[in-house]
Amino acid sequence: MTGASRGVGAAVAAAFAQGGDRVVLHCRGAVEEAERVRAGLPGDGHAVLTADLGDPAAIPVLVDESARLLGRIDVLVNNAALFVAEPVAGSRRIGHPLAETSYEEWVSVWRRTLAVNLEGTAHVTWCVARHMLDVAPADGVRRGAIVNVGSRGAYRGEPDMPGYGAAKAGVHSLGQSLAVSLAPHDITVTSIAPGFIATDLTAAMLEGPAGDAIRAQSPFNRTATPEEVAAAIHWLASTPATWATGAVLDYNGASYLH
């Protein structure tokens, strides 16, 4: 489980642990937070590992150590993502809108965002999928499931964060390509495209002047909870969801339809 120190990642780790699975929680540097999540999980055998997914050399080490701790990796959830939310010069807005961003800043943000959100996801997936191919599952158990956490922003666009939206669109496409190539090996690949989620990172925004407008994006007049998203991810990784491989599940409370 990448990006598991807080928010959706922590909720996903809890959902799998509650289902009786052992979980390796990945984080980049928030070790104390990840350890608190691990300590609250039911069951034994959970672990915390660190790695910068923007560094391709760190990823095989992360996956090899995860496999050593678990014995075999049956499920991968690609949740880790970098959200570059730096203030725009002279503005209260955050991000990298083209008209207000210098070329040097533009290049820097795109490189950082794609390195983690798209390339990091692709590289972790390669390492885990090769492990699934090389290490046989227990009798009667399918070879593996991979779930990618994408975003509604891949479809509707992210005008202030175009690098983030483009990276998530790439994650969706990556999942569909690999779903076709890995299906003959009994490995499923699905993606989920959530809308706005109420987490500790978004609490200030939801409690501020923009909160009502964000909630009004959905006809339910609210945002998703991490636990709701985690439940959907847990199902996508389950055997009954096998026929959903290749799908990108819209999970945004009808806040965006396409």
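Keep in mind the model is a prediction, meaning the values are calculated, not measured. All residue numbers refer to positions in the sequence shown, counting from 1.
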Identified side chain to side chain contact (heavy atoms under 4.5 Å, CB included) partner of V147 from the options V12, L249, L236: L236
Group every Ile, Leu, Val, Met, Phe, Trp and Tyr by side-chain heavy-atom contacts under 4.5 Å, then state whether [X] and [Y] land in the same group.
X: L76; Y: V24; result: yes
X: M132; Y: F16; result: no
X: V116; Y: M1; result: no
X: V171; Y: V124; result: no
X: L174; Y: V63; result: yes

Side chain [X], main chain [Y], donor-acceptor under 3.5 Å:
X: H123; Y: P56; value: no
X: R38; Y: V48; value: no
X: R72; Y: V135; value: yes
X: S151; Y: K168; value: no
X: T50; Y: C27; value: no
X: E228; Y: T225; value: yes
X: T202; Y: I197; value: yes
X: R28; Y: A80; value: no
X: R143; Y: L133; value: yes
X: S218; Y: S255; value: no

Does R142, at its CZ atom, have more than 12 non-hydrogen atoms belonging to other residues, nucleotides or ligands within less than 6.0 Å? yes
More than 12 heavy atoms of other residues, nucleotides or ligands under 6.0 Å from CG of D44: is that the case? no
About how many Å separate [atom2] of [Y] and [atom1] of [X], when rounded to the nearest 0.5 Å?
X: T113; Y: L118; atom1: OG1; atom2: CG; value: 10.5 Å
X: H96; Y: E158; atom1: NE2; atom2: CD; value: 9.5 Å
X: T199; Y: R6; atom1: OG1; atom2: CZ; value: 7.5 Å
X: E65; Y: R68; atom1: CD; atom2: CZ; value: 4.0 Å
X: Y103; Y: L98; atom1: OH; atom2: CG; value: 11.5 Å
X: I146; Y: N148; atom1: CD1; atom2: CG; value: 7.5 Å

Considering all heavy atoms, the nearest [X]-[Y] contact:
X: H26; Y: A51; result: NE2-O, 2.9 Å
X: G246; Y: Q176; result: O-CG, 3.3 Å
X: A11; Y: E227; result: CB-N, 4.1 Å
X: A198; Y: T223; result: CB-OG1, 3.4 Å
X: A34; Y: L25; result: O-CD2, 4.3 Å
X: H46; Y: L41; result: CD2-CB, 3.7 Å

Check ion pair R152-D250 (N to O, under 4.0 angstrom): no
Does the side chain to side chain contact (heavy atoms under 4.5 Å, CB included) test come out yes or no for I233 and V8, once each step is laid out? CA-CA 10 Å; I233 291 170; V8 170; 4.3 Å; yes
Report the C-alpha separation of L53 and T2 in whole Å, then their side-chain angles, then the decisive distance to 0.1 Å, and conclude whether the side chain to side chain contact (heavy atoms under 4.5 Å, CB included) test is met. CA-CA 9 Å; L53 300 189; T2 68; 4.2 Å; yes
Give a yes-or-no answer on whether the side chains of T125 and N78 include a donor-acceptor pair shorter than 3.5 Å. yes
Go through the side-chain N and O atoms of S102 and E105 and say whether any donor and acceptor fall under 3.5 Å apart. yes
For L69 and L49, what are the C-alpha separation, side-chain angles and deciding distance, and is it a side chain to side chain contact (heavy atoms under 4.5 Å, CB included)? CA-CA 10 Å; L69 290 168; L49 294 177; 4.1 Å; yes
Applying side chain to side chain contact (heavy atoms under 4.5 Å, CB included) to I214 and L206, what does each step give before you reach the verdict? CA-CA 7 Å; I214 292 171; L206 289 172; 3.8 Å; yes
Selection residues 142-164 - residue pairs positive for ring pair (Phe, Tyr, Trp, His ring centres under 6.0 Å), sequence neighbours left out: F83-Y164, Y155-H172, Y155-H258
Those residues that, when tested against H131, pass ring pair (Phe, Tyr, Trp, His ring centres under 6.0 Å) (two or more places apart): none
Side-chain touch V229/I192, heavy atoms, less than 4.5 angstrom: yes
